[in-house]
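Input: a single structure, listed below in structure tokens.
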Amino acid sequence: MAVTKRRGYVPQDIEPKWQRIWQERGVLRAADASDRPKYYNLVMFPYPSGDLHMGHMRNYVIGDLYSRFQRMRGYEVLNPFGWDAFGLPAENAAMKAGIHPEVWTRNNIARARAQLAMLGILYDWSREVTTCDPSYYRWTQWLFLLFYERGLAYRALAPVNWCPVDETVLANEQVISGRCWRCGAVVEKRDLEQWFLRITAYADRLLDDLALLRDWPEKVRVMQANWIGRSHGLEVDFPVLGLEGEKLRIYTTRPDTLFGVTFMVLAPEHPLVERVTTPEHREEVRAYVERARRASEIDRLSTEREKTGVPTGGFAVNPLNGERVPIWIADYVLMGYGTGAIMAVPGHDQRDFEFARRFGLPVREVIAPPSGPRGELEEAYVEPGVMVNSGPFSGLDSRAGFDAVADHVERLGIGARSTRYRLRDWLISRQRYWGCPIPVVHCDACGVVPVPKEQLPVLLPRTYRRLSELPEFYRTSCPACGQPARRETDTMDTFIDSSWYFLRYTSAQEETRPFDPGLANRWMPVDQYTGGVEHAILHLLYSRFFQKVLHDAGLVEAVEPFTRLFTQGMVKRGGQVMSKSHGNGVAPDDLVRREGADAGRVYEMFIGPPEDDAEWTDEAVSGAVRFLQRVWRLTLEPGSFPVTGSGADPALLRRRTHQTIQRVTADYDGFHFNTAVAALMELANAMQDHLQRGGERGEAWDEAVRTMILLLHPMAPHITEELWERIGGEGLCADASWPTADPELAAEPEVTLVVQVAGRVRDRLRVATGLDERSAIERALASEAVRRALGRERPSRVVYVPDRLINLVP
RNA sequence: GUCGGCGUGGCGGAACCGGUAGACGCGCCGGACUUAGGAUCCGGUGGGGCAACCCGUGGAGGUUCGAGUCCUCUCGCCGACACCA
């Protein structure tokens, strides 16, 4: 006989049902018109590279949890999603498997969407954005033209980073320690004519506005500040001996050390190298320049390596003291920074010091430490001090010396104060197929001509091949004069695509402009942005740049795009980051089939502080499973817990309930999801204890059950929705209001008072909250353990921290 | 090399402003129920000791009535930057 066994909590039975209902009811669809205050909750959109694993999902679970939480608290939440869909992996896959990049990309998107859905992660899909879709990249092109019109996009011949494996150029930000950020190949230098965005024009604002980002992790702000690397200094002209009227301009941040110059160094690429070199040094210099050009970035930038360089035979004159100093060339001086030439002060710059030591050049002390001049230097002294051997400036504090020397130099008309940045302009040309075409035309007669905005988009051809190999793409006519012309065949860096997607979400269906300014202002700035730290510089800096440019163009009000940033840690398994290549990813599909989506979500939140890396342990998931089963049983089968004790107290249960509301609310707010789970587990323990002490299931019990369901819902949406329905809750749990804690009900009438003698714990007493000191001492002295420790003595001193501790010091 | 961050039971991790170290969970040990249990429930679980107590947050000092928390030095791990004048 087939007996239908009661099955209890079976996640696989209920999860698809609620996913369908949420979708049908349009839960989490953001209303552009609403009485509720807006809340823009954003997770970094992914590159659709294939299967998502639970490492990726951490980001989306956090985002979903937070959306649901803010929604229950009464906000109109915008929680959109999309795909950073242009990029190299699609091309690599295409070459390997013979699939068109677009097909590969679209397949991956479909797959990832399904995986998100099976975890109960909700988005307003009506705002979905896909960067490789012409409806999106049309506006990426439009924005490029906006930058062009505003003088922020330009073409220049420059030595650029070339990745020989990916066969494309890279931005500075995409070269990590001399290697390609994507494939790890050693990057080469090539002289190419390329497109740049003038991000340096925004360097000051990008730096100064970091101060507005109080809710960003300190770490990220510091990284951005270092990357921009603003420095204040002085440019000075040094006359070159034997070249009348020729000046060698240098940049220094230490004008106070000008009297310590003992030689000059030019970058090998410096334009004056040829002319300052004397005939007898010509051969040597030429060989050195040649070698420097060929050296890989890695070798050249390595600080480990001993410094190299050669003398040019030429001399410059120190304009302040008339001294002749030799001119050298060395590759530790970079053409791309400052003026590509330095005055070398080996006494007070460690790099110059090392160079001087290597080549037997003189070292002169011009800044004395507080202990007085040291004469012979063992290393460069880089701290401030008193100026010595500095002519009229001797005796001055070196900090004041900065301005004194700078004023003097400016008065003489041989230099000027100057601010420099480490940040370079953003190289955006890519010689790849799968990207957004740069919308310009090259005409022999008219030069560079932008494609008129009404002709956008410049469509990517269907044929998968480099655009420069597709005449049907690049053969065109000039929009200005109509003569035959050639289309630009470079595509844009994909970081451009992701620099404005958060704006597109605010009006994703807009067909006449990139976004509706009114709606952008309704939703922007993003209130909460969540993603990985790996984007601390690249994406987050570029997006800030775009936001500022669009602000200046009058398209959006906010000057910063992301108010609060949270960077979550990576998920590891077996000590390694979860990834396809390591083969250690936990597939959501398997997890959902075995333990259910809710258990997976709860475990992922319980695993540790979200900002830290976490180690995924398969066995530990069972803790989350058991917890959910217990919540199910407490709610629907409370009678199944055996009564094994007595003394249940409804007031205690209420207290725990309200304390849990306080804790979970604060924890969700502060992104402490691991302790929020712990708090809910404690409430479950308290509820179970209540039942097992024979507690009645009255008002206090019902409140505990309802509260548990509501507080748990953002983390475990399916089971809570099902339980909500079964206990007769009104509407959807997802639509319910967040519970409010009553501080009076949450207050503890009694506390444990720790009793110490001489700082060592001797006893613990249960006392009424707010007990006065006199009574506390009395109670403490009455303790047997205290008397043992204290002996017959009276305490000479008492430290009393009400409701916490009393310390009796003999 | 420089700058940040982190070192807490067998494991993941709690601990507000300096005030009960180890919440919560995994694992483990013992027990109950059971035809069975990888279900469920009960109890235990930092180390030493019969106990009173003692020791214990990488290590060594210091400040304090009191230190995981503050200070100095030191070791180890992780991250960022890496000749930017």
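Computed from a predicted structure; not experimentally measured. Both backbone and side-chain heavy atoms feed into the values below; hydrogens, waters and symmetry mates do not.
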Taking the [atom1] atom of each, how far is [N] from [M], in whole Å?
{"N": "B:G79", "M": "B:U40", "atom1": "P", "result": "39 Å"}
{"N": "B:A21", "M": "B:A67", "atom1": "P", "result": "11 Å"}
{"N": "B:C26", "M": "B:C71", "atom1": "P", "result": "37 Å"}
{"N": "B:A52", "M": "B:C42", "atom1": "P", "result": "28 Å"}

Review point. Does RNA chain B take part in any stems of at least 3 consecutive Watson-Crick or G-U pairs (both distances under 3.5 Å), and if so, which ones?
Key: B:1-7 with B:75-81, B:10-12 with B:24-26, B:27-32 with B:40-45, B:46-48 with B:53-55, B:58-62 with B:70-74
Review point. Taking 4.0 angstrom as the limit, do A:D403 and A:R417 come out as a salt bridge?
Key: yes
Practice item. Summarise how protein sits on nucleotides 21-26 of chain B as a single string, 5' to 3': B when a protein heavy atom is under 4.0 Å from the base, S for sugar-phosphate-only contact, - for no contact. Key: S-BBSS
Given [N], is OP1 or OP2 found less than 4.0 Å from the side-chain N or O atoms of [X]?
{"X": "A:R788", "N": "B:C53", "answer": "yes"}
{"X": "A:Q224", "N": "B:A80", "answer": "no"}
{"X": "A:R762", "N": "B:U20", "answer": "no"}
{"X": "A:Q692", "N": "B:C42", "answer": "yes"}

Exercise for review: Ignoring hydrogens and angles, answer whether the base of B:C81 and the side-chain atoms of A:R422 contain a donor-acceptor pair closer than 3.5 Å.
Suggested key: no
**Study point:** Expected output: side-chain A:R254 to main-chain A:V382 donor-acceptor under 3.5 Å
**Key:**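 Flag set: sc A:R254 to bb A:V382 pair under 3.5 Å.
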Point to revise | Euclidean distance, atom CD1 of residue A:I250 to atom P of B:A85 [Å, nearest integer] | key: 12 Å
Using the ring of each side chain (for Trp, its six-membered ring), is [X] parallel, tilted or perpendicular to [Y], with breaks at 30° and 60°?
{"X": "A:F359", "Y": "A:W328", "answer": "tilted"}
{"X": "A:Y337", "Y": "A:Y251", "answer": "perpendicular"}
{"X": "A:Y332", "Y": "A:F355", "answer": "tilted"}

